[in-house]
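Along the sequence shown, residues are numbered consecutively beginning with 1.
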Amino acid sequence: MNEPTYTADDFSSPAPVLSVSPVVLPAPGRAVDLEVRVSAPVTGSDLPVILLSHGQGYSHHLSSLNGYAPLANFWAAHGFVVIQPTHLSSRTLSLDPATPGAPLYWRSRAEDMTRILDGLDVIETAVPQLVGRVDRSKVAVAGHSMGGHTASLLLGARLTDPHDGTEVDLAEPRIKAGVLLAAPGSGGDALTESVAENFSFFVTTDFSAMTTPALVVAGDKDASAHLTVRGPEWHTDPYFLSPGRKSLLTLFDAEHGLGGISGYDVAETTDDNPERVSAVQRLTWAYLRTELYPGDMAWRTACEALAAGPDPLGRVESKEADAESKEADEVPSP
């Protein structure tokens, strides 16, 4: 199961997509069973998997298995099985605020993804059109905002549990690559006083063990003043403070919604820009293809296309596992 069905030439011919929800995974010990949406192309075999973790925005349904359609639909139409859980932090669940882990359920979020991987047999049974078509050796994780924090933990980031003082390691070895979209950066004095006080798990965020390859996507206008005192550069910390092979996509003039990736025409997007969303779709897809299929030229091709435009939407820089210096495909900031 090594050769992908879909190639870098498929941008012009997206496949029809099937999407099934809710698929329910039994979850003993969780406040409620785990519900997921599964999206996949109707044709093709040896399909790689993306686990997509939603953020924690103001809308009721974007922060659930019903959000992030611009990404989920695109990735599925171009050859991925996309699995989206509804984390316990979702407003759609209306859980008692006294539920252990509330309100953000940082640990449960990461455990949801491991539960999904453990339950792929259940998912294939519930979605029979997928039986025998999933390549379980090719798994990636992606997440936006709080979902980026979830993804970073699965990629190897650590923190100290504020309740018992233990170091938490939730790295998932079955995940081979990741995409962090407007993800939180480092803790400590980078945080606002309110975040440090009310969400103290952020304080000890440590990327020094996040070795799994990842693409970090950050908007250069994403100040996130309710979270950090450092401004937009805070969201680049997962790139600069982690070891191993990483890439950073900086999007010019992008705010926290990165143009509108959490949904179509949603009110919480402050920087609505379909062209920017298209760039995120293509570049994230291309990055994951190349990471999961070494030798695939999709990432190089996408970076060259980004750099070739007369008015570039962003720039890409990369670093290798054994290099201090950055290897860059750079586009100068306008």
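The pair R230-D189 fails the salt-bridge criterion, with no side-chain N (NZ, NE, NH1 or NH2) lying under 4.0 Å from an Asp/Glu carboxylate O. Ion pair D118/R174 flagged as a salt bridge, since at least one NZ, NE, NH1 or NH2 atom sits closer than 4.0 Å to an Asp/Glu carboxylate oxygen. With salt bridges taken as basic N to acidic carboxylate O contacts below 4.0 Å, one links D161 and R107. R30 and D112 are joined by a salt bridge, as a carboxylate oxygen and a charged side-chain nitrogen come within less than 4.0 angstrom of each other. Salt-bridge formation is detected for the pair R158/E167: a Lys NZ or Arg NE/NH1/NH2 atom is positioned less than 4.0 Å from an Asp or Glu carboxylate oxygen. Taking a cutoff of 4.0 Å between a charged side-chain nitrogen and a carboxylate oxygen, R276 and D271 qualify as a salt bridge. The existence of a salt bridge linking D121 and R136 is confirmed by a sub-4.0 Å separation between a basic side-chain nitrogen and an acidic carboxylate oxygen.
No continuous path of ILVMFWY side-chain contacts below 4.5 Å connects V168 to L155, so the two sit in separate hydrophobic clusters. The hydrophobic cluster containing L34 does not contain L93, counting ILVMFWY residues as joined when their side-chain heavy atoms lie under 4.5 angstrom apart, directly or transitively. Under the 4.5 Å side-chain heavy-atom criterion for Ile, Leu, Val, Met, Phe, Trp and Tyr, V217 and F80 are members of the same hydrophobic cluster. One hydrophobic cluster, built from ILVMFWY side chains closer than 4.5 Å, holds both L306 and I261. The hydrophobic cluster containing W234 does not contain M210, counting ILVMFWY residues as joined when their side-chain heavy atoms lie under 4.5 angstrom apart, directly or transitively.
Looking at V141, I116, V134 one by one, the single match for side-chain contact (heavy atoms from CB on, under 4.5 Å) with I83 turns out to be I116. The one candidate from L51, V139, T114 that meets the side-chain contact (heavy atoms from CB on, under 4.5 Å) condition with L154 is T114.
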For this session: Please assess E268 against L62 for the test side-chain contact (heavy atoms from CB on, under 4.5 Å), listing each intermediate value before the final yes or no.
Result: CA-CA 10 Å; E268 68 184 48; L62 296 180; 3.7 Å; yes
For this session: Kindly determine whether S318 and S247 satisfy side-chain hydrogen bond (donor to acceptor under 3.5 Å, both in side chains), including the steps that lead there.
Result: CA-CA 4 Å; S318 300; S247 290; 2.7 Å; yes
Problem set entry | Y68/H144 under ring-ring contact (aromatic ring centres under 6.0 Å, His included): CA gap, chis, key distance, verdict | CA-CA 9 Å; Y68 295 87; H144 175 239; 5.6 Å; yes
For this session: Determine, step by step, whether S194 and T192 satisfy the side-chain hydrogen bond (donor to acceptor under 3.5 Å, both in side chains) criterion, reporting the C-alpha distance in whole Å, the side-chain angles of both residues, the deciding distance to 0.1 Å, and the verdict.
Result: CA-CA 5 Å; S194 175; T192 64; 5.1 Å; no
Problem set entry | side-chain hydrogen bond (donor to acceptor under 3.5 Å, both in side chains) between S39 and S19, worked out | CA-CA 4 Å; S39 303; S19 186; 3.0 Å; yes
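Expressed to the nearest 0.5 Å, how far CH2 of W299 lies from CZ of R289 amounts to 14.0 Å.
No hydrogens or angles considered: nothing links the side chains of S63 and Q56 as a donor-acceptor pair under 3.5 Å. H235 and S224 share a side-chain donor-acceptor pair at under 3.5 Å. Between D220 and T250, the side chains place no donor N or O within less than 3.5 Å of an acceptor N or O (distance only, hydrogens not considered). Under 3.5 Å, the side chains of T284 and W75 contain a donor-acceptor pair of N or O atoms. Between the side chains of S145 and H256, at least one donor-acceptor pair of N or O atoms lies under 3.5 Å. Side-chain contact, H87 with S53: a donor N or O sits under 3.5 Å from an acceptor N or O. Side-chain polar atoms of R300 and T290 form no donor-acceptor pair below 3.5 angstrom. Side chain to side chain, T86 and E35 fail the donor-acceptor criterion of an N or O pair below 3.5 Å.
The main-chain N or O of G132 is found under 3.5 Å from a side-chain atom of E124 such that the two form a donor-acceptor pair. Using a distance-only test at 3.5 Å, with no hydrogens or angles considered, no donor-acceptor pair links the side chain of D206 to the main chain of L159.
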Result block: side-chain N/O donor-acceptor pairs under 3.5 angstrom for residues 94-105, not counting sequence neighbours:
from, atom 1, to, atom 2, distance (Å)
S94, OG, R91, O, 3.4
D96, OD1, A98, N, 2.8
T99, OG1, D96, O, 2.7

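Across all their heavy atoms, Y287 and P213 have their closest contact at OH-C, 3.4 Å.
Checked against side chain to side chain donor-acceptor pair (under 3.5 Å), T212 has no partners two or more places apart in sequence or in another chain.
The shortest distance between side-chain heavy atoms of L191 and T228 does not fall below 4.5 Å.
Residue pairs meeting the salt bridge (charged side-chain N to carboxylate O under 4.0 Å, His left out) criterion with at least one member in residues 238-250, sequence neighbours excluded, are R245-E291.
For D33, the CG atom is densely surrounded, since the number of other residues' heavy atoms within 6.0 Å is greater than 12.
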